[in-house]
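Following: one structure in structure tokens, then a few remarks.
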Amino acid sequence: MTNAASTTTPPSRASASGGGFELGRVLLEGRAYFALILIIAVFSFLSPYYFTVGNFLTMASHVALFGILAIGMLLVILNGGIDLSVGSTLGLSGVIAGFLMQGVTLPWFGVILYPPVWVVAILACGLGGLIGLVNGVLIARFKVPAFVATLGVMYMVRGIALLITNGLTYNSLGGRPDLGNQGFDWLGFNRIMGVPIGVVVMVVLAFLGSLVLTRTPFGRWLYASGGNERAAELSGVPTRFVQMTVYALSGVCAAIAGLILSSQLTSAGPTAGTTYELTAIAAVVIGGAALTGGRGNIRGTMLGAFVIGFLSDGLVIIGISSYWQTVFTGAVIVLAVLLNAIQYRGRAKAPAVAGATPAAKLAG
Amino acid sequence: MTNAASTTTPPSRASASGGGFELGRVLLEGRAYFALILIIAVFSFLSPYYFTVGNFLTMASHVALFGILAIGMLLVILNGGIDLSVGSTLGLSGVIAGFLMQGVTLPWFGVILYPPVWVVAILACGLGGLIGLVNGVLIARFKVPAFVATLGVMYMVRGIALLITNGLTYNSLGGRPDLGNQGFDWLGFNRIMGVPIGVVVMVVLAFLGSLVLTRTPFGRWLYASGGNERAAELSGVPTRFVQMTVYALSGVCAAIAGLILSSQLTSAGPTAGTTYELTAIAAVVIGGAALTGGRGNIRGTMLGAFVIGFLSDGLVIIGISSYWQTVFTGAVIVLAVLLNAIQYRGRAKAPAVAGATPAAKLAG
Amino acid sequence: NDPSNPYWLTEGNVASAEAKKLGYEANVGASKGDTNAESTLIDTAITNKSVAIILDPANASGSVGAVKKAIAANIPVILVNAEINQDGLAKAQLVSNNAQGAALGAQQWVRAIGQKGNYVELLGSPSDNNAATRSNGYDTVLSQYDDLKKVGSQVANWDRTQGHDKMQNLLQAHPDIQGVISGNDEMALGAVAALKEAGKLSGIKVGGFDGSPDAVSAVKAGELQYTVLQPVAIFSAKAVQEADSFIKTGKTGAAQEKQLFDCVLITKDNAAKMTAPFTMTP
Amino acid sequence: MTRPDAAPDRDAAVVLTANNIAKAYGSVHALKGVNFEVRRGKVTTLFGENGAGKSTLMKILSGVVKPTSGAIELDGSPVTFASASEARDAGISIIHQELSLAPNMSVRDNIFMGREIAGPTGIDYAEEARQAKVLMAELEEDIDPMTPVETLRLGQQQIVEIARALSVNSRILIMDEPTSALSAAEVEVLFKVIGDLKSRGVAIVYISHHLEEALQITDYAVVLRDGAMTAKADRADIDLEWIVRNMVGENYHLGTPPTGYQFGEVALSVRDLTVTDAANTGIAVVDRLSLDVRAGEIVCIYGLMGAGRTEMLECIAGRVPKAGGEVRLEGREISRLTIAERIAQGLALVPEDRQRDGLVQTMTVGENLSLASIGAFAKRVLLSRSTERAMVDQSIKSVTIKTAGGHAAIGSLSGGNQQKVVIGKMLTTHPRVILLDEPSRGIDIGAKAEVFRLLAERARDGLAVVFSTSEVAECLSIAHRIIVMARGKISAEFGSDASKEQIMAASGEAVVH
Ligand SMILES: Nc1ncnc2c1ncn2[C@@H]1O[C@H](COP(=O)(O)OP(=O)(O)OP(=O)(O)O)[C@@H](O)[C@H]1O
Ligand SMILES: Nc1ncnc2c1ncn2[C@@H]1O[C@H](COP(=O)(O)OP(=O)(O)OP(=O)(O)O)[C@@H](O)[C@H]1O
Ligand SMILES: [Mg+2]
Ligand SMILES: [Mg+2]
């Protein structure tokens with residue numbers, strides 16, 4: 001029953017104590033690092049193309065998508081929740097962007113508005129935040145279990161995306177100079193010093209994220225309410241606010257990912273991002289976070305994302321059947337948590353304190 | 001933090017006290033009934049064909065699949081776990097069945113075996129149970145969080161199914177008289193007094209399920225270890241055994257569903273059952289079970305399955321775009337839990353006792 | 001695309017076989033209809049310094065970006081099976097003539113059920129414009145017969161299970177139909193299973209599209225009236241050859257970018273001629 | 001002593017007044033119009049049985065719950081608190097009865113959660129750590145502010161809880177059973193701290209079930225009985241007997257050892273039992289401990305928090321693995337058996353923390369009662385409902401549980417009755433030996449007496465009883481033999497005629513007066 005506790009005590013310490021360095025964490029994340037290095041080594045050996053700057057950048061830009069989702073997901077999971085709706089949100093935000101880029105007709109003025117790209121981007125993110133807020137309200141105000149609330153929202157958002165586009169895909173999001181709404185593909189195509197924008201965005205978000213988690217009161221509130229909500233509440237932590245915020249943020253992250261994706265493809269499909277939520281969750285968990293909340297940190301999550309991304313890309317590059325990729329992905333997920341579990345099994349026996357009991361449950 | 005507790009107190013009582021009649025339950029399940037009746041009424045009004053025996057039987061046979069999955073899922077959820085791998089297991093069991101029906105070549109004997117249908121069925125179920133057991137071992141022995149363990153297994157099983165068939169679909173599972181392996185389509189095609197076998201199987205399983213839950217020590221153990229694992233353990237409940245068993249059973253249920261599906265189609269595809277796990281979970285939750293374990297019962301779960309099934313079929317019959325179906329499904333899920341949440345909000349305010357804390361967390 | 005459908009599987013196999021024959025190393029990946037997965041595949045193809053990419057676009061519009069990327073990395077792209085909504089990008093787009101095939105199918109279908117009656121249609125996923133092309137193809141033919149009424153249509157996303165379930169629902173809504181026309185074979189076979197179960201197979205005629213082995217055997221068995229063979233084997237081989245010639249000569253050797261390959265009708269009579277999956281020997 | 005309606009004495013300024021506060025949880029009337037005063041620089045102690053409404057009243061004063069009716073006056077001006085933090089800002093802080101710490105976070109983070117000290121770059125961790133250190137020094141516990149709370153034992157966690165309350169320099173400090181898990185030494189320290197606070201003019205509200213202990217620091221005593229105030233008085237006017245009388249109506253004593261029968265064979269025999277620390281640090285928490293208990297004998301194990309009683313008992317019951325030694329039940333070596341098997345063999349444990357280890361909150365009273373022996377009701381496969389119901393009703397009677405019946409929700413019972421359910425549950429397995437870890441923790445004196453009477457009866461019928469306690473008074477109740485544990489070893493053994501002083505001395509605990 002103490003597995004969650006066991007699996008993830010060390011990172012938690014680290015994160016909770018915001019920056020303190022500890023053997024436990026080194027060991028745990030050391031493992032993630034090790035896995036990553038192993039993956040890179042193996043594939044570099046198998047394919048001459050794998051170990052090249054170009055490829056790493058490409059892979060990084062693939063990781064970026066999941067990485068960004070995972071950052072939002074981490075916040076939610078730290079709160080002891082889960083967000084299944086990010087995949088759909090990703091899809092919808094892309095669709096909305098596409099919709100806006102096509103120009104909005106205002107019949108009663110008889111004009112067609114072509115909002116500039118930055119407006120589109122902001123609106124899309126706003127929408128993402130809104131969806132997240134809906135989750136947040138359902139969960140924080142109406143006390144609906146996170147899993148169910150976000151599951152429902154996932155379906156609804158996906159359906160809406162399909163309805164808007166009627167199942168079709170918006171393309172030519174390039175914009176037109178005469179309309180001054182060009183540059184949408186900037187996100188997807190441009191590079192800053194050779195680094196794809198997507199990666200840059202991920203890095204920035206990761207940096208901001210760990211800043212918030214380790215340096216700000218909000219970060220501590222999040223760890224506190226994830227660790228023991230009642231305790232946090234009694235000591236004046238605005239737990240509801242925290243809860244709503246994390247879901248909103250997760251929504252925004254999803255929207256950003258959606259923008260990047262659709263600008264990479266210069267097209268926005270309503271089914272984009274299906275099942276990405278699972279990959280994001282996997283990344284967070286491989287990164288050593290506990291689904292029971294209060295335990296985990298950005299660095300781990302990033303590592304998790306890279307492990308998954310580099311693995312699957314590697315398999316594609318050495319030309320392994322996509323079926324094997326499915327198998328491997330699963331294997332890695334299980335292995336990652338299994339290793340943690342085994343290492344901290346001894347601890348698992350330690351009498352859990354009341355507060356730790358929750359951990360127990362979810363894990364069971 | 002008391003949401004889970006609040007959302008689901010009544011059914012729990014009900015179920016836990018296996019048969020004890022209580023206002024809370026009547027209210028809660030009354031609502032599910034009400035939803036079902038509403039759905040039926042609306043669609044009967046909109047389509048002359050909806051309210052016909054024939055149609056109900058068809059819809060029931062669609063519900064059967066999810067219903068059977070949901071029964072297994074309920075057991076897992078009562079234990080405080082979750083099983084994301086059922087969809088894949090469903091697919092694999094179908095594939096295995098198909099594989100066996102095609103005949104197994106034993107090179108070193110130089111003969112091709114055509115196992116009779118019942119053998120095939122048993123083997124498929126056995127496989128399902130095995131997969132479930134893998135989940136169980138990961139979760140009970142190695143203390144891997146259920147969500148992650150089953151997520152990983154989900155990927156792996158799906159991959160294996162694809163590898164076995166190399167992505168192809170087995171068909172003509174009809175069998176051949178000369179080989180004496182006929183009758184595979186019996187499950188899917190035959191009817192007992194006009195009732196599709198699938199439905200019969202579901203009803204039987206549901207009956208067995210509620211018998212086990214309410215009338216056997218195992219059922220009591222399950223509710224206990226779901227409600228408070230530590231206490232159960234100290235009272236001499238073999239919690240690990242219980243945990244492993246429920247996952248194994250869930251696997252078997254998935255396998256059975258897989259057999260029924262592939263026999264309905266007289267063909268088995270490796271991608272069958274994708275995302276069915278979510279539908280099953282939705283059914284269980286709409287049925288008033290708590291994802292934190294210890295609360296829920298078969299009747300509710302069946303209701304949940306019928307609500308989902310009758311709704312989506314109804315939408316098809318009145319010819320609404322499949323996109324709306326997605327939206328509605330989500331809406332119903334949210335609504336169902338929302339209503340419970342609201343009704344028991346008053347209770348929710350009560351400071352939960354230590355024991356209830358776990359509940360809280362997972363739900364949060 | 002998704003290799004769990006024999007059609008795309010053959011597409012991949014034939015192409016890689018042809019490529020190997022021409023002395024290339026072929027590497028088949030599946031986008032499963034996800035444009036992002038597709039673009040990932042393209043990226044890796046670029047990483048692998050591929051000499052040419054033969055792509056079955058996941059999405060008429062969604063794949064444009066991916067193709068652009070490959071072009072940018074100046075790798076010639078040749079599209080097979082489905083088109084993209086932007087010309088001048090790919091070196092060639094080799095697709096089966098869906099419109100012609102649909103017309104062909106529709107006519108045969110009319111012959112099968114006669115000039116009058118009610119029918120329902122099963123549509124492929126709307127994001128794939130073959131679905132629309134075929135559906136229109138059917139309509140243009142069938143609308144000529146005033147006594148043929150389409151009483152219902154459902155999207156079954158090319159999938160057999162959905163075909164089965166949706167068919168059952170449609171049967172409930174419209175018990176009085178004589179025919180089912182389907183956007184592809186998988187859905188058609190799903191429908192056949194549903195009809196079998198309802199014991200209505202004799203009364204209701206089903207028509208498919210693709211010419212997949214399962215469908216062919218169903219046609220042989222008389223469960224399926226006909227299917228329309230897409231010359232996937234032919235054009236995927238052709239695609240490789242064109243790629244080859246482009247790499248060597250800089251020209252695909254074909255007149256124009258869009259090349260339509262006519263489909264062939266498969267009925268009980270000529271079903272026997274199907275030697276290998278998707279290949280018919282006259 | 002004075003009557004409730006008597007005028008309150010005037011020698012200290014009243015800072016906080018609660019005027020006929022009432023609180024109803026649905027049908028439960030937790031408080032029925034209570035008047036309550038808190039004086040600056042004085043300790044107002046609140047006595048009352050379980051469920052009397054003490055915690056509820058405190059939660060209302062500290063803004064955690066809102067009263068159904070009634071008003072609160074701070075310095076004579078009416079106030080209403082929307083939240084705990086508002087009350088805290090008004091200078092009222094509270095130590096809750098149940099620990100409220102985030103186990104995943106460090107001591108520092110727990111102390112300052114919700115009240116972060118802002119620095120130039122986000123939180124000023126250094127400053128927080130410094131203050132945390134100071135507090136720990138003040139409480140004479142050497143706990144590094146960075147240690148995660150989950151690795152502290154219960155007592156230390158309670159210290160952290162106290163430190164958090166102290167860290168807010170509040171004018172009114174409410175302590176709801178702050179010592180339930182503290183060793184006598186730690187209590188001493190706490191009382192010293194309370195002394196300083198008083199001299200600094202801080203008003204303190206103190207709640208405890210350790211009556212003598214509480215009396216040491218009481219200035220004003222207030223007694224609640226089921227939601228209403230039954231008495232209040234100055235320290236000078238009252239004694240233990242007065243408190244107990246007002247708490248429970250009549251005077252209680254915890255019973256005497258059952259006599260008039262011969263002990264049977266040795267039922268439980270422990271030899272050189274060794275248990276290492278939960279955290280696998282190799283420290284022997286139970287150190288080569290040997291113990292024999294005969295059928296019909298009642299043995300009490302006294303010790304300070306951290307003496308290793310829980311580990312020993314849980315190890316005998318099979319919950320924690322043993323590092324060495326052997327455990328024999330009626331001669332059979334049982335170390336290798338699972339918990340379930342040991343129960344079947346006739347060894348039952350009533351755990352220390354009933355909420356966490358004793359009860360299944362999602363099940364009814366009846367189901368909790370029958371859980372341990374559920375196998376017995378299976379005729380072939382199916383349960384026999386009738387047999388079960390009969391057994392449940394029977395044990396509700398025999399253990400005297402106050403409840404609407406077997407179908408009632410476990411949460412609806414008061415602490416004492418919940419404890420009885422746990423005991424009843426284990427008794428239905430017909431044990432030969434029963435181990436009880438602090439069976440009296442957090443239950444009122446009336447319930448205690450009943451529990452002990454119950455155990456005495458069973459002992460007569462040949463049951464071997466071993467119970468641990470942290471209250472000397474309980475050692476001197478029904479136990480035939482008193483064993484004192486210290487640092488994992490048996491430091492002394494007494495008959496039922498031992499004196500409190502002897503026992504406390506043996507436990508390494510300073511004798512408190
Ligand atoms: N959240 C709640 N919901 C319902 N009833 C409650 C709640 N909290 C307390 N009660 C009831 O109110 C009454 C007083 O409870 P309270 O906790 O104040 O008693 P107490 O004096 O603190 O007991 P103890 O000495 O065990 O702490 C009890 O009958 C209890 O059952
Ligand atoms: N959660 C824990 N983690 C690490 N060590 C612990 C933990 N709980 C207890 N210990 C250690 O085990 C020893 C026994 O502690 P424990 O509190 O069980 O003794 P005890 O006599 O049972 O006290 P009490 O019964 O009053 O709680 C102590 O030395 C303590 O440090
Ligand atoms: Mg209290
Ligand atoms: Mg103890």
Side-chain angles (χ1 to χ4, degrees), chain B residues 43 47-59 61-62 65 91 94-95 158 161-162 165-174 185 188-191 196-198 261-274 276 309 312-323 325, chain C residues 1-10 12-13 28 30 32 120 123 125-126 151-176 185-186 189-199 201 212-218 220-221 223 277:
Chain B
F43 285 116
S47 155
Y49 307 106
Y50 191 85
F51 199 83
T52 60
V53 178
N55 183 43
F56 279 124
L57 287 175
T58 320
M59 294 198 296
S61 72
H62 292 169
L65 276 183
V95 166
R158 180 67 67 196
L162 287 161
T165 60
N166 183 24
L168 286 173
T169 300
Y170 288 117
N171 59 329
S172 67
L173 300 185
D185 42 13
F189 279 55
N190 258 43
R191 293 171 170 240
I197 302 293
L261 176 60
S262 49
S263 100
Q264 277 176 355
L265 305 173
T266 56
S267 74
T271 55
T274 315
Y276 282 18
S312 58
D313 278 11
L315 291 166
V316 176
I317 286 185
I318 63 171
I320 278 184
S321 123
S322 61
Y323 309 143
Q325 296 172 32
Chain C
N1 222 324
D2 186 354
S4 62
N5 175 326
Y7 176 80
W8 284 302
L9 189 76
T10 320
N13 295 348
V28 182
K32 303 216 179 61
V120 293
L123 300 162
S125 68
V151 291
S153 73
Q154 274 293 327
V155 173
N157 294 317
W158 303 133
D159 173 60
R160 195 181 294 199
T161 314
Q162 290 193 33
H164 173 268
D165 291 358
K166 298 273 165 90
M167 188 64 228
Q168 286 188 316
N169 297 131
L170 288 169
L171 268 182
Q172 293 304 327
H174 317 287
D176 56 345
D185 284 339
E186 285 293 304
L189 290 168
V192 168
L195 291 169
K196 242 196 240 162
E197 188 181 356
L201 191 52
S212 71
D214 302 2
V216 174
S217 46
K220 285 193 188 129
E223 300 172 342

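Sequence lines set the chain letters: A, B, ... in the order given, protein chains first and strands last, and positions in each chain run from 1. What you see is a predicted model; the values in this text were computed from it and never measured.
- Rounding to the nearest 0.5 Å gives a distance of 11.0 Å between CE of C:Met167 and OG1 of B:Thr58.
- The contact between C:Gln168 and chain B is made by backbone and side chain atoms together, counting heavy-atom distances below 4.5 Å.
- Of the two parts of B:Ile318, neither the backbone nor the side chain holds a non-hydrogen atom closer than 4.5 Å to a non-hydrogen atom of chain C.
- Within the 4.5 angstrom heavy-atom criterion, only side-chain atoms of B:Thr52, from C-beta onward, approach chain C.
- Note: C:Asn169 CG to B:Ile317 CD1 = 5.0 Å, rounded to the nearest 0.5 Å.
- Using a 4.5 Å cut-off between heavy atoms, B:Leu65 makes no contact with chain C at all.
- Interatomic distance, B:Ser47 OG to C:His174 NE2, rounded to the nearest 0.5 Å: 8.0 Å.
- Atom NE2 of B:His62 sits about 6.0 Å away from atom NE2 of C:His164, to the nearest 0.5 Å.
- For B:Ser61, the part lying near chain C is the side chain, with the backbone staying farther off; criterion is any non-hydrogen pair under 4.5 Å.
- In this view, C:Asp159 and C:Thr161, C:Gln162 satisfy the side-chain contact (heavy atoms from CB on, under 4.5 Å) rule, not counting sequence neighbours.
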